[in-house]
Amino acid sequence: MTTRPKDDWRRWIAENLLLGNPPEAIRAVLVKNEFTEEEAAREVSGALASPYVQGGSRVANRLRKREWTLTVYGRLARMRASGGEIERRERPSRDEFFEEYYFQNRPVIITGMLKSWPACTKWNFDYLRATCGGNEVEVQFGRESDEHYEINGPQHKKTMPFREYVDMVEAAGTTNDFYMTANNASRNQEALDVLWDDVDPIGEYLDGDARGRSFFWLGPPGTKTPFHHDLTNNFMAQVMGRKKIKMVPLHDTAFIYNTVHCYSDVDASAIDYESFPRMKQAQVLECTLAPGELLFIPIGWWHYVEGLDATITMSFTNFLRYNDFASNYTTYKHL
């Protein structure tokens, strides 16, 4: 019999029965993993007879009903004239933005809204070094040696003078090994505070000055943020360089292999449809965000971000409308 602990296999059997996989297919996998035919049949039959699995199947049926409801929303969204692409809009009014995108959970790229930002013309490597180069900042390093670099982000934190980090970004080729992200914000808000003088409030959609309520991202070409969803609505403002973004709607969550917290096992840079066949049912929208553009990422939308150039990005969550969706979020552990 297999050396894998028996309880691990029993959990696997129960999970696959609750997912609706046929008992004969489950037995076949067990046999391929050193169970005898008799052992495999006994384990699967025992699971089917278990009142715990039977109770779990009722919950699974209710969850499948909710999943069906989301697929209805997905089909309806695909019927829109712009269902296959992310719209670009020139400075929509406050009412247009909230009614057509925020409340409808639809992404949009807003152009022209950052024209007044001094950052869009002043920020370059020399300016960053001259303005706050001597301040100590926090950065993530060693990302390329860790498959789960984003989940394990706290393990990759390192502090250094901002000037040294800017030098590294300017000299780097394409790499995902180091990156200053929102996860480094607690230290960097103070160290880079003067930069917020170059960022005008987006008063049409956001609640006042974003100082202390926004995030600064800086990295070389090749930086990646894997498929994940945020727990709030989010603005991504591109200041320098371009980013490629892939997005999957909230209503396609069932297809994206969410295994822990808000992360997916799918590598969005090269989706392996053989290993992740349900991804064929997910709608994947792509765009390239250019300097001066503002991307609205709705709550729950999965997104992958890749730097095509050395990039600076600001992100904001302080919208004029309700955005506290994290307060009742509980699925931080493995799903």
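Numbering starts at 1 and runs along the sequence shown. Here the structure is a predicted model, which means the values were calculated and not measured.
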Taking [Y]'s backbone N and O only, do any of them form a donor-acceptor pair with [X]'s side chain (distance below 3.5 Å, no angle check)?
{"X": "Y102", "Y": "Y205", "value": "no"}
{"X": "N258", "Y": "Y263", "value": "yes"}
{"X": "Y304", "Y": "V248", "value": "no"}
{"X": "D252", "Y": "Q283", "value": "yes"}
{"X": "Q238", "Y": "M240", "value": "yes"}
{"X": "N188", "Y": "V137", "value": "no"}
{"X": "T232", "Y": "N323", "value": "no"}
{"X": "N234", "Y": "T317", "value": "no"}
{"X": "Y322", "Y": "D324", "value": "yes"}
{"X": "E204", "Y": "S93", "value": "no"}

Residue pair E150, R143: steps toward the salt bridge (Lys or Arg N to Asp or Glu O under 4.0 Å) verdict: CA-CA 8 Å; E150 193 71 18; R143 290 158 58 95; 3.7 Å; yes
Within the structure provided, determine whether [X] and [Y] are in side-chain contact (heavy-atom separation under 4.5 Å).
{"X": "L218", "Y": "F162", "value": "yes"}
{"X": "W301", "Y": "H229", "value": "no"}
{"X": "H228", "Y": "S264", "value": "no"}
{"X": "N105", "Y": "H251", "value": "no"}
{"X": "H303", "Y": "D230", "value": "yes"}
{"X": "W217", "Y": "T223", "value": "no"}
{"X": "F319", "Y": "F97", "value": "yes"}

Side chains of [X] and [Y]: is there a donor and an acceptor less than 3.5 Å apart?
{"X": "T111", "Y": "E293", "value": "no"}
{"X": "Q140", "Y": "T181", "value": "yes"}
{"X": "N135", "Y": "E190", "value": "no"}

Contacts of type side-chain hydrogen bond (donor to acceptor under 3.5 Å, both in side chains), residue T253, not counting sequence neighbours: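 Result, side-chain hydrogen bond (donor to acceptor under 3.5 Å, both in side chains) vs T253: W302.
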Those residues that, when tested against D146, pass side-chain contact (heavy atoms from CB on, under 4.5 Å) (two or more places apart):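 Counting only residues at least two positions away or on another chain, D146 forms a side-chain contact (heavy atoms from CB on, under 4.5 Å) with H148, Y149, N152, H156.
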[Y] and [X] aromatic ring geometry - parallel, tilted or perpendicular at 30°/60° bounds:
{"X": "F276", "Y": "Y257", "value": "perpendicular"}
{"X": "W9", "Y": "F35", "value": "perpendicular"}
{"X": "Y329", "Y": "H261", "value": "tilted"}

List the atom pairs, donor and acceptor, that lie under 3.5 Å between side-chain atoms in residues 193-202 and the rest of the protein, sequence neighbours left out.
residue : atom : partner : partner atom : Å
D193    : OD1  : R211    : NH1          : 3.2
D193    : OD2  : R211    : NH1          : 3.2
W196    : NE1  : S214    : OG           : 2.6
D197    : OD1  : R211    : NH2          : 2.7
D198    : OD1  : K122    : NZ           : 3.1
D198    : OD2  : W123    : NE1          : 2.9
D198    : OD2  : Y127    : OH           : 2.7
D200    : OD2  : S116    : OG           : 2.9

Check against salt bridge (Lys or Arg N to Asp or Glu O under 4.0 Å), K158 and E164: CA-CA 12 Å; K158 176 182 175 180; E164 292 183 13; over 6 Å; no
Cluster check Y101, M236: I/L/V/M/F/W/Y, side chain < 4.5 angstrom: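 They do not share one cluster, since no chain of ILVMFWY contacts under 4.5 Å joins Y101 to M236.
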Verify same cluster id: F178, I312 (apolar side-chain graph, 4.5 Å):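 Yes, one cluster joins them.
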Where C132 and L192 come nearest, the two heavy atoms and their spacing: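 Result for this residue pair: SG-CD2, 3.7 Å.
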Test salt bridge (Lys or Arg N to Asp or Glu O under 4.0 Å) applied to E100 and R106, step by step: CA-CA 8 Å; E100 297 180 28; R106 293 174 53 213; 5.2 Å; no
